[in-house]
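Written out below as structure tokens is the structure these notes cover.
Only heavy atoms go into these numbers, but all of them, side chains included; no hydrogens, no water, no symmetry mates. Proteins get letters first, then strands, A, B, ... in listed order; numbering begins at 1 in each.
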Amino acid sequence: MIGFGVPNEPDQITHRVLPEAALGPPYFYYENVALAPKGVWTTISRFLYDVEPEFVDSKFFCAAARKRGYVHNLPIDNRFPLLPFPPRTIHEAFPLTRKWWPSWDTRTKLNCLQTCIASARLTDKIRKALEDSDGEPLLGIQKFVLEQCRKWNLVWVGRNKVAPLEPDEVEMLLGFPRNHTRGGGISRTDRYKSLGNSFQIDTVAYHFSVLKDKFPGGINLLSLFSGIGGAEVALHRLGIPLKNVVAVEIAEVNRNILRSWWEQTNQRGTLTDIQDVQELNGDRLEQLIKNFGGFDLVVGGSPCNNLTGSNRYHRDGLEGKDSALFFDFCRILDLVKCIMNGTKSMIV
DNA sequence: CTTAACATGAAACCTTAG
DNA sequence: CTAAGGTTTCATGTTAAG
């Protein structure tokens, strides 16, 4: 799962032909989970001008897996990665765990970072199971422990002791600055939730890197479902100045995180918060676009709640309550295209 | 009212053996 | 080719405690 290519791997594709209707401006970038129910990505592609999805696992960029699909109309030649490369194995990312890591735990990469962590009861159960055996644990015990470690992304923090990742460790793996989601009234569980829903910065920045030459004077960004600001952080770390950013995000804690980052990094552009994508109708968009001459890039990863395998209750596909917001991405992108090109919208 | 802890499978893909 | 087995997954609902 390397899409059109990732750094340090062969089989790079540097050329593709986009459908006529997909050509910008603006550039657009849509993201969601790769392992969605059957047919979902076919539908997503069809609604986004028949652009072929690019499926990439972020394990090629960091120490954790993250299988995602991206539909975008960005150029794909002359991409470059953020430097320095983040640690790409568990041992490099968490050197202190090495001392306690048993030889029979052969993991070198973590699994996907999710929104919940393992219970204390589980790590306690694992400790007790291991303490009962002196020396090498029985194969059955090893199998059980390893299975739980994979399932819950546990790391070794002491003799017979495993633990879930701390929020700041998740921030690091995803490529965010330390303490990005800390403070300002956000709870620990909300940090896990916001981080678990986010982009992996190095992956997205690799795709965005082709924009650096094109927008030396800065970029106007429409960031839908912006969350904790993955797109903004990626562009910033690439050294692409942010001129006008319109960020749409339903959760107040996430809007606060992005606003706080915006101020801490001394951004010189303007950040406009919008709470709900439903507020973005034709009139509002026309007004915004008139203010600063149009968007260069429209980014969004719409909710995956009804697509991900982690959801035991309502994995209903794109028509699900939350995941149907994908169609708002399409609606808004289409409106932006039409307003900027002076044509009439196909959507009523 | 928040926050935290905890229990709760299955779809879809992959590998392997035959 | 098929079947069996292995592996992974941006989560939700309930309960309790503050």
Please list, in 5' to 3' order, the outermost nucleotides of DNA chain C lying under 4.0 Å from any heavy atom of chain A. dT8(C) to dG13(C)
Counting side-chain heavy atoms from CB outward, which of dT3(B), dA4(B), dT8(B) is closest to Tyr313(A)? dT8(B)
Heavy-atom count check: over 12 atoms from other residues, nucleotides or ligands less than 6.0 Å from Arg182(A) CZ? no
Nearest-angstrom distance from the residue atom NZ of Lys151(A) to P of dA7(B): 11 Å
For dT9(C) and dG9(B), measure between their C1' atoms and round to the nearest Å. 12 Å
Is it the case that the side chains of His72(A) and Glu31(A) hold a donor-acceptor pair, with the cut-off being a distance below 3.5 Å and no angle test? no
With nearest nucleotides of DNA chain B determined for Ser119(A) and Arg315(A) from heavy-atom distances, which residue corresponds to the more 5′ nucleotide? Ser119(A)
Return whichever of Ile186(A) or Thr308(A) has its heavy-atom-nearest nucleotide of DNA chain B closer to the 5' end. Ile186(A)
Using whole Å, report how far CG of Leu35(A) lies from P of dC14(B). 8 Å
Taking atom CD of Glu252(A) as the centre, does the number of heavy atoms from other residues, nucleotides or ligands within less than 6.0 Å exceed 12? no
Looking at Glu20(A), I'd like to know if its CD atom is crowded, meaning that more than 12 non-hydrogen atoms belonging to other residues, nucleotides or ligands lie closer than 6.0 Å. no
Have Ser194(A) and Thr181(A) got a donor and an acceptor in their side chains that come within less than 3.5 Å? no
DNA chain B in dot-bracket form (Watson-Crick or G-U pairs under 3.5 Å, [ ] crossing, | inter-strand) is ||||||||.|||||||||
So what does Arg188(A) touch, heavy atoms closer than 4.0 Å: a base, only the sugar-phosphate, or nothing? sugar-phosphate
Checking all strands, does Lys193(A) fall into the base, sugar-phosphate, or nothing category for heavy-atom contacts under 4.0 angstrom? nothing
Arg188(A), CZ: over 12 other non-hydrogen atoms inside 6.0 angstrom: yes
Answer yes or no: does atom NZ of Lys161(A) have more than 12 heavy-atom neighbours from other residues, nucleotides or ligands under 6.0 Å? no
For dA4(B), does either OP1 or OP2 sit under 4.0 Å from a side-chain N or O belonging to Ser187(A)? yes
Between Trp152(A) and Lys143(A), name the one whose nearest nucleotide on DNA chain C is closer to the 5' end. Lys143(A)
Contact class for Cys112(A) (heavy atom, under 4.0 Å): base, sugar-phosphate, or nothing? sugar-phosphate
